[in-house]
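Heavy-atom basis, side chains included; hydrogens, waters and symmetry copies ignored. Just so you know, ligand 1 is whichever comes first in the structure, and atom 1 is the first atom listed for that ligand.
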Amino acid sequence: MTEFDGFVRLDTLPKSLVRELLDETRQLKRNPPTDEPLRRATLGTVYQKRSTRTRVSFEAGMNTLGGDAVFLSSDDIQLGRGETVGDTARALSRYVDGIMARVHAHDDIEKLNAHADVPVINGLSDFNHPCQALADAFTVEEQVGALDDVRLAWLGDGNNVCHSLLHVFPRFGAEVAVATPEEHRPDESVVGTARRFADDSGGDVTLTDDPREAVEDADVVYTDAWVSMGEEGKDASAFEGYRAEPSLLDAADDDYVFMHCLPAHRGQEVVDEVIDGPHSVVWEQAENRMHAQMALLVRLLS
Ligand code: CP
Ligand code: NVA
């Protein structure tokens with residue numbers, strides 16, 4: 001069993017560990033634990049931004065494992081009035097067994113990780129969303145099959161969620177086609193890492209500004225908000241041609257699945273007919289966040 005002590009980004013974790021976490025997710029989903037492996041453990045959960053899925057899946061997951069989660073909004077704790085991230089990490093480490101944090105600047109997650117004496121889990125930053133991508137890799141295996149046989153099309157903004165998908169799917173041999181407006185492409189460093197992973201595994205990574213080219217024959221079509229949290233006021237007009245709607249998704253494989261990390265902005269990046277349609281697996285995808293995070297919590301907090 002591979003040891004690890006935090007979950008800040010997926011690309012720097014050993015591939016064998018990611019594989020183990022996916023397998024443990026499957027086991028936990030099939031056989032929910034009844035023996036309270038995290039009895040009396042406490043997870044501190046820090047939020048600088050809103051959340052529905054991350055918050056509830058971590059709280060319910062900790063509860064299922066016999067432990068507890070403490071909700072710490074940055075509006076309510078001293079972090080919100082100037083206590084440093086480092087001091088917050090040092091103080092929380094004296095009370096809790098692990099820290100999950102959702103932050104604006106990715107650097108805050110790195111600082112928490114550097115100064116905490118307990119494992120830190122990244123619950124989304126402006127750079128990445130590894131909990132989402134871990135659960136999504138599980139969902140694709142569950143719904144579509146082996147990752148090395150999958151073509152995933154990304155539509156929209158190449159930011160945090162896209163980055164984490166690029167950190168996992170090409171590593172397991174998947175073909176990832178990213179369609180974004182030119183000025184919203186994923187970071188070059190992420191694309192470079194993803195291409196190295198793809199070279200090692202037989203996967204592929206392509207970037208295009210043509211959504212139809214990306215969607216052609218895709219097994220998975222994935223989209224996310226055009227305007228992420230913290231970007232309010234951004235001009236989203238460049239994304240108009242990237243909406244997940246039937247006239248575009250008709251180009252995908254007949255059995256494609258539609259995925260969205262959620263929350264969805266119906267009528268913007270996706271229309272009702274797609275998200276509520278027969279190809280959509282978004283609710284299974286949302287449920288799987290909890291199973292994947294329980295696998296992570298058992299490993300990190302036991
Ligand atoms: N996908 C996701 O992280 O959802 P929340 O913002 O609701 O946590
Ligand atoms: N890209 C979105 C993801 C939300 C889960 C955001 O950062 O708001």
Side-chain angles (χ1 to χ4, degrees), residues 7-10 25 43 45-62 69 71-75 99-109 121-140 152 154-168 178-181 183-187 190 220-236 238-239 242-244 257-266 268-270 275 280-294 296-297:
F7 192 72
V8 167
R9 50 193 298 157
L10 276 161
T25 301
L43 181 72
T45 60
V46 177
Y47 290 89
Q48 293 179 354
K49 305 180 195 178
R50 290 168 194 249
S51 168
T52 298
R53 281 141 288 266
T54 302
R55 177 175 174 182
V56 180
S57 57
F58 269 107
E59 292 184 5
M62 279 302 289
F71 174 68
L72 303 163
S73 160
S74 61
D75 288 342
I99 299 170
M100 192 289 297
R102 167 165 286 195
V103 300
H104 287 286
H106 185 73
D107 193 44
D108 280 353
I109 279 284
I121 299 173
N122 177 356
L124 178 130
S125 72
D126 59 358
F127 173 65
N128 64 353
H129 197 358
C131 291
Q132 183 71 52
L134 178 70
D136 291 343
F138 172 74
T139 301
V140 171
L152 183 149
W154 173 270
L155 294 178
D157 194 356
N159 67 347
N160 46 14
V161 173
C162 181
H163 286 166
S164 284
L165 296 180
L166 283 168
H167 279 159
V168 67
V178 179
T180 67
E183 63 277 26
H184 296 289
R185 288 191 165 176
D187 281 8
V190 174
V220 180
V221 179
Y222 198 127
T223 192
D224 181 16
W226 290 345
V227 179
S228 285
M229 290 181 280
E231 296 183 336
E232 290 74 15
K234 166 179 162 185
D235 176 9
F239 294 108
Y242 297 80
R243 180 172 294 113
V257 297
F258 172 74
M259 296 178 69
H260 191 313
C261 57
L262 305 176
H265 307 81
R266 288 168 180 258
Q268 289 186 40
E269 74 272 7
V270 62
I275 195 168
S280 175
V281 297
V282 299
W283 307 116
E284 202 66 40
Q285 181 186 1
E287 177 188 325
N288 287 339
R289 288 288 304 277
M290 186 172 71
H291 304 299
Q293 287 157 197
M294 285 202 294
L296 201 55
L297 289 165

Please report which non-hydrogen protein atom sits nearest to [atom], along with the residue it belongs to and the distance in Å to one decimal place.
atom	answer
atom 4 (O) of ligand 1	Arg53 NE, 3.0 Å
atom 6 (O) of ligand 1	Arg102 NH1, 2.8 Å
atom 8 (O) of ligand 2	Met229 N, 2.8 Å
atom 4 (C) of ligand 2	Leu124 CD1, 3.9 Å

Just verifying a value: how many Å separate [X] [atom1] and [Y] [atom2], rounded to the nearest 0.5 Å?
X	Y	atom1	atom2	result
Leu166	Trp154	CG	CH2	9.0 Å
Leu262	Thr54	CG	OG1	10.5 Å
Thr25	Leu134	OG1	CG	5.5 Å
Arg102	Asp108	CZ	CG	14.5 Å
Arg185	Thr180	CZ	OG1	5.5 Å

Got an N/O contact under 3.5 Å between [X] and ligand 2?
X	answer
Asn160	yes
Asp224	yes
Ser228	yes

Return a yes/no value for Met229: is any of its N or O atoms, backbone included, closer than 3.5 angstrom to an N or O of ligand 1?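 No.
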Judging by distance only, is a nitrogen or oxygen of Pro263 under 3.5 angstrom from one on ligand 1?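 So ligand 1 has no N or O lying under 3.5 Å from an N or O of Pro263.
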Which ligand 1 atoms, with their elements, are less than 4.0 angstrom from a heavy-atom of Thr52?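 It comes down to these atoms of ligand 1: 5 (P), 7 (O), 8 (O).
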Would you mind running through ligand 1 and noting each atom that sits below 4.0 Å from a heavy atom of His129?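 Here the atoms of ligand 1 in question are 2 (C), 3 (O).
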Please report the C-alpha distance between Leu297 and Ile121 in whole Å, then the side-chain angles of each, then the deciding distance to 0.1 Å, and finally whether the side-chain contact (heavy atoms from CB on, under 4.5 Å) criterion is met. CA-CA 9 Å; Leu297 289 165; Ile121 299 173; 3.8 Å; yes
More than 12 heavy atoms of other residues, nucleotides or ligands under 6.0 Å from CZ of Arg50: yes or no?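 Count not over threshold, so no.
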Should the pair Trp226 and Phe239 be assigned to parallel (<30°), tilted (30 to 60°) or perpendicular (>60°) ring geometry?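 Answer is parallel, since the angle falls under 30°.
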Answer side chain, backbone, both or neither: which part of Leu124 comes under 4.0 Å from ligand 1, heavy atoms only.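 It is neither part, as no heavy atom is under 4.0 Å.
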Donor-acceptor pair between Gln293 and Ser57 side chains, under 3.5 angstrom: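 Result is yes, a qualifying pair exists.
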Looking at ligand 2, would Asp126 count as a contact under a 4.0 Å heavy-atom criterion?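 Distance cut 4.0 Å: Asp126 fails for ligand 2.
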Below 4.0 angstrom from a heavy atom of Leu262, which ligand 2 atoms are there? Numbered from 1 as shown, please.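 Checking each atom against Leu262, I get 5 (C).
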